[in-house]
Colleague: 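Quick one: the structure is below, and I'll ask about it shortly.
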Amino acid sequence: MSIYVFVYGTLRAGEINDLAQAAATRGLAPARHVGAATVPGALVDFGDWPGLVPVADGRRVLGDIYEVTPALIALMDEIEEYVPGQPCCFVRRTVLAQPLAPAGATPVACEYYPIDPALRGAATDVTGEDWVAYRLGRRPGTAT
């Protein structure tokens with residue numbers, strides 16, 4: 001059985017919690033990149049990392065789908081400080097991710113880590129759907 005995850009922030013390639021690097025550091029089998037995709041949601045900025053707030057108003061968040069092992073799910077839970085049954089900023093849920101290619105591709109059921117909306121606090125709304133592009137576009141030294 002395949003396990004798919006959708007990552008949108010620090011777990012993306014080249015980011016501070018890059019999933020491939022995290023797996024290699026732990027000696028785990030690498031995740032298989034399936035492709036870019038979007039899910040319903042809006043991004044918020046916590047400074048060094050984003051949160052995704054699920055929404056049903058047409059907004060989408062860009063990220064990547066990976067095929068992973070159960071051991072990588074456990075590592076992702078650790079990175080996101082998610083403990084089933086306990087209050088956490090991030091929660092693990094299932095979402096239908098829409099691949100960007102090929103056109104008309106079937107949505108993929110993925111595990112992902114949105115935030116608990118009750119815990120978003122004063123996080124700033126992000127304009128746009130791509131955390132990496134947003135982060136790279138911020139001016140150094142500006143408040144987020």
Colleague: Check the pair Glu80 / Asn17 against side chain to side chain contact (heavy atoms under 4.5 Å, CB included), numbers first and verdict last.
Modeller: CA-CA 10 Å; Glu80 301 296 3; Asn17 290 319; 5.9 Å; no
Colleague: Show, in sequence, the C-alpha distance, side-chain angles and deciding distance for Gln98 and Val39, and conclude whether the side chain to side chain contact (heavy atoms under 4.5 Å, CB included) test is met.
Modeller: CA-CA 6 Å; Gln98 181 60 58; Val39 300; over 6 Å; no
Colleague: Can you name the nearest heavy-atom pair linking Tyr66 to Val7, along with the distance?
Modeller: CE1-CG2, 3.7 Å
Colleague: Work out which heavy atom in Ala97 is nearest to a heavy atom in Ile65; give both atom names and the distance.
Modeller: CB-CD1, 3.8 Å
Colleague: Would you find a donor on one side and an acceptor on the other, under 3.5 Å apart, between the side chain of Tyr8 and the backbone of Leu52?
Modeller: yes
Colleague: To the nearest 0.5 angstrom, please state how far the CG atom of Asp77 sits from the CZ atom of Arg92.
Modeller: 4.0 Å
Colleague: Going by heavy atoms in the side chains, are Phe46 and Ile115 under 4.5 Å from each other?
Modeller: yes
Colleague: Rounded at 0.5 Å granularity, tell me how far SG in Cys110 sits from CD1 in Ile3.
Modeller: 11.5 Å
Colleague: Hey, which of Asp45, Thr10, Val44 is the one that makes side-chain contact (heavy atoms from CB on, under 4.5 Å) with Pro50?
Modeller: Thr10
Colleague: If every non-hydrogen atom of Ser2 is compared with every non-hydrogen atom of Glu67, which pair is closest and at what distance?
Modeller: OG-OE2, 2.6 Å
Colleague: If you round to the nearest 0.5 Å, how far is CG of Leu11 from CD1 of Ile16?
Modeller: 9.5 Å
Colleague: For the pair Arg26 (side chain) and Leu72 (backbone), establish whether a donor and an acceptor sit closer than 3.5 Å, ignoring hydrogens and angles.
Modeller: no
Colleague: Are Arg93 and Asp116 ion-paired here, with the side-chain N under 4.0 Å from a carboxylate O?
Modeller: no
Colleague: Going only through I, L, V, M, F, W and Y residues with side-chain contacts under 4.5 Å, is there a path from Leu19 to Leu62?
Modeller: no
Colleague: Between Leu28 and Thr69, is the side chain to side chain contact (heavy atoms under 4.5 Å, CB included) condition met? List the steps.
Modeller: CA-CA 9 Å; Leu28 300 174; Thr69 63; 5.6 Å; no
Colleague: Looking only at heavy atoms, which two atoms of Val95 and Pro40 are closest? And how far apart?
Modeller: CG2-CD, 4.1 Å
Colleague: Look at the side chain of Glu129 and the backbone N and O of Leu43, then say whether any donor-acceptor pair between them is shorter than 3.5 Å.
Modeller: no
Colleague: Identify the heavy atoms of Leu75 and Ala23 that sit nearest to each other, and give their distance.
Modeller: CD2-N, 4.0 Å
Colleague: Among Trp131, Phe90, Tyr113, Tyr134, which one satisfies ring pair (Phe, Tyr, Trp, His ring centres under 6.0 Å) with Trp49?
Modeller: Phe90
Colleague: I want to check something: taking the side chain as every heavy atom from C-beta on, are Pro99 and Val34 in contact at a cut-off of under 4.5 Å?
Modeller: no
Colleague: Knowing that exactly one of Arg135, Arg60, Arg12 qualifies, which makes a side-chain hydrogen bond (donor to acceptor under 3.5 Å, both in side chains) with Asp130?
Modeller: Arg12
